[in-house]
Amino acid sequence: MNNFVVPAPPIVALPIVGSSEHFPVRRVYCVGRNYAAHAREMGFDPTRDPPFFFAKPADAVIPAHHGETRQIRYPSKSTNYQYEVELVAAIGRPAYKVSTEQALDIIFGYAVGLDMTRRDLQLALRDKGRPWELGKAFDESAPCGPIYSVAQHGHPASGGIWLQVDGADRQRSDITHLIWSVAEIVSNLSQYFRLVPGDIVFTGTPEGVGPVTPGQIMSAGIDGLGSITIAVAADE
């Protein structure tokens, strides 16, 4: 069927390392406060309460290739635009109500991602008990690097996760410090949603989140998953 009344939106797709194929993005799920030190810096005690989730639209994803600098625009209506580097899991098989033991079997691969945030809007909305969309689900808010397939690279069990702004360290931790493991996150998410190939899951950020301004350059990476470079441009 192609007789649409307006042009159909393009498919957002992430490159796959070592392949000419791409991973089409359907939905973007994100986990909140999944590193203890980050929970503390946001004013919360880290707990093992069930993880909570929020979402971004698929077209918030900005594919970033290794070795290139990808540009994103500073968002409107914010004076506190912040970075959050995260391990991203890409879903490769349908899943619904899977156990923790089954969860890793549905993952196609992993990537480095940035959960960009209008922190001032997010906190104002949170304090009023309102949804976070204006603070989280805006244009270009989810830069993401190439996917490393499980078939070729396995499941990362440990590894440094880091972010620099203009060459200076801002975030540096290890994915072993996740409060909820990737398997636990995916299992819990699948209790509420029918996960399908094309879904991606941002698994939370470590401590050190902070603001960036137009003209600054972010570099972010995870051991074994490469790094991405993102430049912040002024809003148009």
Side-chain angles (χ1 to χ4, degrees), residues 25 27-56 60-61 82-91 95 98-104 106-119 122-123 125-126 131-133 135-137 141-145 147-148 150 155-163 169-193 195 199-211 218 220-225 227-228:
V25 178
R27 289 184 180 175
V28 181
Y29 299 101
C30 304
V31 182
R33 296 197 295 269
N34 200 30
Y35 285 78
H38 173 59
R40 294 189 189 100
E41 75 177 353
M42 296 301 292
F44 297 90
D45 292 327
T47 68
R48 282 279 293 179
D49 289 340
F52 69 92
F53 302 95
F54 58 94
K56 294 175 182 269
V61 173
Q82 295 197 358
Y83 51 78
E84 299 186 9
V85 60
E86 309 203 7
L87 172 67
V88 178
I91 303 301
V98 298
S99 67
T100 301
E101 293 73 23
Q102 298 169 318
L104 292 184
I106 73 166
I107 295 177
F108 173 82
Y110 297 89
V112 178
L114 296 181
D115 169 17
M116 300 303 296
T117 303
R118 288 167 166 152
R119 188 73 70 199
Q122 180 204 17
L123 296 181
L125 292 164
R126 186 190 73 185
W132 287 3
E133 275 80 0
K136 288 286 191 178
S141 61
C144 193
I147 294 175
Y148 287 71
V150 169
H155 296 280
S158 63
I161 178 171
W162 55 271
L163 182 139
D169 273 9
R170 292 292 183 264
Q171 292 185 275
R172 192 166 290 275
S173 186
D174 195 286
I175 60 173
T176 57
H177 295 156
L178 286 165
I179 296 174
W180 292 92
S181 70
V182 173
E184 290 171 324
I185 290 167
V186 171
S187 172
N188 189 281
L189 185 62
S190 76
Q191 310 305 309
Y192 299 94
F193 299 95
L195 302 179
D199 293 342
I200 61 175
V201 184
F202 282 64
T203 62
T205 195
E207 70 277 12
V209 301
M218 299 173 287
I222 298 173
D223 290 352
L225 300 178
S227 64
I228 58 176

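All values below come from the heavy atoms of this structure, side chains included, with hydrogens, waters and symmetry mates left out.
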Test item: [X] and [Y] side chains (from C-beta on) under 4.5 Å apart, heavy atoms:
{"X": "D174", "Y": "S158", "result": "yes"}
{"X": "L178", "Y": "E184", "result": "no"}
{"X": "V61", "Y": "I200", "result": "yes"}
{"X": "V150", "Y": "Y110", "result": "yes"}
{"X": "I107", "Y": "H155", "result": "yes"}

Are any side-chain N or O atoms of [X] and backbone N or O atoms of [Y], one a donor and one an acceptor, separated by less than 3.5 Å?
{"X": "E84", "Y": "G210", "result": "no"}
{"X": "N34", "Y": "T203", "result": "yes"}
{"X": "Q171", "Y": "L163", "result": "no"}
{"X": "T205", "Y": "V85", "result": "yes"}

Handout entry: Ring centers of Y192, F53 separated by less than 6.0 Å
Key = no
Problem - Spacing of L87 atom CG and I185 atom CD1 [to the nearest 0.5 Å] - result: 8.0 Å
Practice task
Drop me the distance from I161's CD1 to I175's CD1, to the nearest 0.5 angstrom.
Solution key: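 Separation between the atoms: 7.5 Å.
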Practice task
List in chain and number order the residues that pass side-chain contact (heavy atoms from CB on, under 4.5 Å) with P131, two or more places apart in sequence or in another chain; answer none if no residue qualifies.
Solution key: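 Only E133 meet the side-chain contact (heavy atoms from CB on, under 4.5 Å) criterion with P131.
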Exercise for the section: Report the C-alpha separation of R119 and K136 in whole Å, then their side-chain angles, then the decisive distance to 0.1 Å, and conclude whether the side chain to side chain contact (heavy atoms under 4.5 Å, CB included) test is met. Expected result: CA-CA 8 Å; R119 188 73 70 199; K136 288 286 191 178; 4.2 Å; yes
Problem - Parallel, tilted or perpendicular, as decided by the 30° and 60° cut-offs, for the rings of W132 and F52 - result: perpendicular
